[in-house]
Number of protein chains: 2
Amino acid sequence: MYSLIENDIKKLVNADEESLQFVLSHFKELKTKRNHLLLKEGDVCRTCYFINKGCVQVYYLDKNGDEATRDLYFEGQWITNIDSFSKQEPSKEFYRTIEPTSFLAIGRDNFFQLIGKVPQFMEAYRQILEASYSHSINRINSFTAMDALDRLKWVRENQAHILTRLSSKIIASYIGVSPETLSRLKNKL
Amino acid sequence: MYSLIENDIKKLVNADEESLQFVLSHFKELKTKRNHLLLKEGDVCRTCYFINKGCVQVYYLDKNGDEATRDLYFEGQWITNIDSFSKQEPSKEFYRTIEPTSFLAIGRDNFFQLIGKVPQFMEAYRQILEASYSHSINRINSFTAMDALDRLKWVRENQAHILTRLSSKIIASYIGVSPETLSRLKNKL
DNA sequence: TAAAATCCTTGACATTTATCAAGACTTGCT
DNA sequence: AGCAAGTCTTGATAAATGTCAAGGATTTTA
């Protein structure tokens, strides 16, 4: 149950076994069905999740009430609403599983205590933040610098699992086009 | 010269005067003309900057060679290419001043030594990362969930200084439309 | 300070993408 | 297993945005 998260942390920092087990002991398993809402607009996020298996869609409701997908997360990834988690403000986004998903979850209080007590965990968190920020920068650049077909090609080159694992509707929302447009773009690939 | 950065750090963390001055002593002043390239595609970023006065455009070259603006930074903001700075990989982005600009700059080695030595500086960095990540998430959501006119209105509500201080060409690139389209959108505001 | 360069706007037109509708197909639920 | 719901595709059309061109305004630079 803890092997994936253990490897992930070891990949980021050199932690002695005692510290590592101390950190892991604060994570509780959470299993959900598909379409489970982890967090919805207006909620305050009190939990940070590590995905053991499954998939989470993070989305936003546009002015027509349609879902706009900000990001998609899979096993081996860390996920929380950073704004709401760090400042305890209401979330503007929805977090929903799109497959049966199993998490390791840690509450906010435990999380920040660990950060203060275990320097290697702080260091791991810093690296996760840097990588998440970097990923979001790439995503902004894909929207400012590419048209829809190039964004689709970019996903095919860099995140191919998204195209094979998820429905066209969700892929379209992630690429930032209507499902009809995605259907037509596929013919041009 | 250090008053803005001093207030910024104090706003983020409680630091004793000695630690604060120790941290500040590692920052060197850098003044540039407008259109100075701080970093270009392919460069490895070895410096983190705090803007004392002025403005920096971070952009990307699209497949036509046009500039796509990922973000704009002003006095009081921290700026570095996080990917290149943290992993010492070549930058994919350009960083250019668009006004005469004065910075406080710190080299990568000093930066990471300070992070290790001064817990309050680590804590400040963590908060800056969280805020930067949060800002980039808002920007992704503006592209996935809004059309061009709504993005322009969003900037007017939330970053009005961008509209009053910068050229239409740069605003257009930030909004993600051609200058001609921006010119027409202004008539609909 | 004057020439050169760049910027801003507007018009005409092309291209991209969205919307609406319908039918075939797939999936989920009981 | 079978029905209901949702998905995917395609066509027709509308709306949004890009491109090219040109002229006037502004800014830069020599």
Side-chain angles (χ1 to χ4, degrees), chain A residues 32-37 54-55 57 59-69 72 96-101 142-156 162-189, chain B residues 32-37 54-55 57 59-69 72 96-101 142-156 162-189:
Chain A
T32 74
K33 296 182 187 176
R34 83 190 212 101
N35 287 328
H36 176 78
L37 266 184
C55 178
Q57 176 191 23
Y59 63 96
Y60 195 88
L61 291 186
D62 69 19
K63 63 179 173 185
N64 302 319
D66 292 330
E67 299 173 3
T69 299
L72 297 163
R96 180 176 57 198
T97 62
I98 54 187
E99 295 175 1
T101 299
S142 82
F143 279 103
T144 52
M146 297 179 200
D147 61 20
L149 181 57
D150 284 338
R151 289 201 297 280
L152 177 56
K153 286 179 179 169
W154 192 90
V155 171
R156 187 182 55 176
I162 286 181
L163 302 188
T164 52
R165 189 159 162 180
L166 305 178
S167 71
S168 288
K169 189 187 175 191
I170 288 176
I171 297 167
S173 165
Y174 181 69
I175 302 273
V177 296
S178 67
E180 294 92 333
T181 295
L182 175 60
S183 185
R184 292 174 175 116
L185 290 178
K186 283 182 194 166
N187 300 324
K188 296 190 190 174
L189 266 184
Chain B
T32 74
K33 296 182 186 175
R34 82 190 211 100
N35 287 329
H36 176 78
L37 266 185
C55 178
Q57 177 191 23
Y59 63 96
Y60 195 87
L61 291 187
D62 69 19
K63 63 178 171 185
N64 302 320
D66 292 331
E67 298 172 4
T69 298
L72 298 162
R96 179 177 57 199
T97 62
I98 53 188
E99 296 175 1
T101 299
S142 82
F143 279 102
T144 50
M146 298 180 200
D147 61 18
L149 181 57
D150 284 337
R151 290 201 297 279
L152 177 56
K153 286 178 179 168
W154 192 89
V155 171
R156 185 182 57 176
I162 285 181
L163 301 188
T164 52
R165 190 159 161 180
L166 304 179
S167 72
S168 289
K169 189 187 173 190
I170 288 176
I171 296 167
S173 166
Y174 181 69
I175 302 274
V177 295
S178 67
E180 294 93 334
T181 295
L182 175 59
S183 187
R184 291 175 175 115
L185 290 177
K186 283 183 194 166
N187 300 325
K188 295 189 189 174
L189 266 184

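Only heavy atoms go into these numbers, but all of them, side chains included; no hydrogens, no water, no symmetry mates. Lettering of chains follows the sequences in order, A, B, ..., and the numbering in each one begins at 1.
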Discussion item. Applying side-chain hydrogen bond (donor to acceptor under 3.5 Å, both in side chains) to B:S173 and B:E67, what does each step give before you reach the verdict?
Written reply: CA-CA 7 Å; B:S173 166; B:E67 298 172 4; 5.9 Å; no
Worksheet item: Where do A:I162 and A:I171 land on the side chain to side chain contact (heavy atoms under 4.5 Å, CB included) test, with the steps shown first?
Response: CA-CA 7 Å; A:I162 286 181; A:I171 297 167; 4.3 Å; yes
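The residue from A:R165, A:R34, A:K33 that alone fulfils the salt bridge (Lys or Arg N to Asp or Glu O under 4.0 Å) condition with A:E99 is A:R165.
Residues A:S168 and B:V177 both approach DNA chain D. Their nearest nucleotides, taken by heavy-atom distance, put A:S168 toward the 5′ side. Two residues, B:R34 and B:D147, neighbour DNA chain D, and the one matched to the more 5' nucleotide by heavy-atom proximity is B:D147.
For B:A148, the side-chain atoms get nearest to D:dT17 when compared with the rest of D:dT10, D:dT17, D:dT19. Picking from C:dT9, D:dC8, D:dT17 the nucleotide with the shortest atom distance to the side chain of B:L185 gives D:dT17.
Within 4.0 Å of A:N187, counting heavy atoms only, lie sugar-phosphate atoms of the nucleic acid but no base atom. A:S178 comes within 4.0 angstrom of a nucleotide base, judged by non-hydrogen atoms across all strands.
At least one side-chain nitrogen or oxygen of B:K186 sits closer than 4.0 Å to the OP1 or OP2 atom of C:dT9. For A:S167, no side-chain nitrogen or oxygen approaches OP1 or OP2 of D:dT7 to under 4.0 Å. Distances shown here put every side-chain N or O of B:T181 at or beyond 4.0 Å from the OP1 or OP2 atom of D:dT17.
Between B:Y174 and B:F143, the shortest heavy-atom contact is O-CZ, 3.8 Å.
Residue side chain B:E180 does not reach the base of C:dC8 through any donor-acceptor N/O pair under 3.5 Å, judged by distance alone.
Remark: P of C:dC20 and CG of A:D66 are 10 Å apart, rounded to the nearest angstrom.
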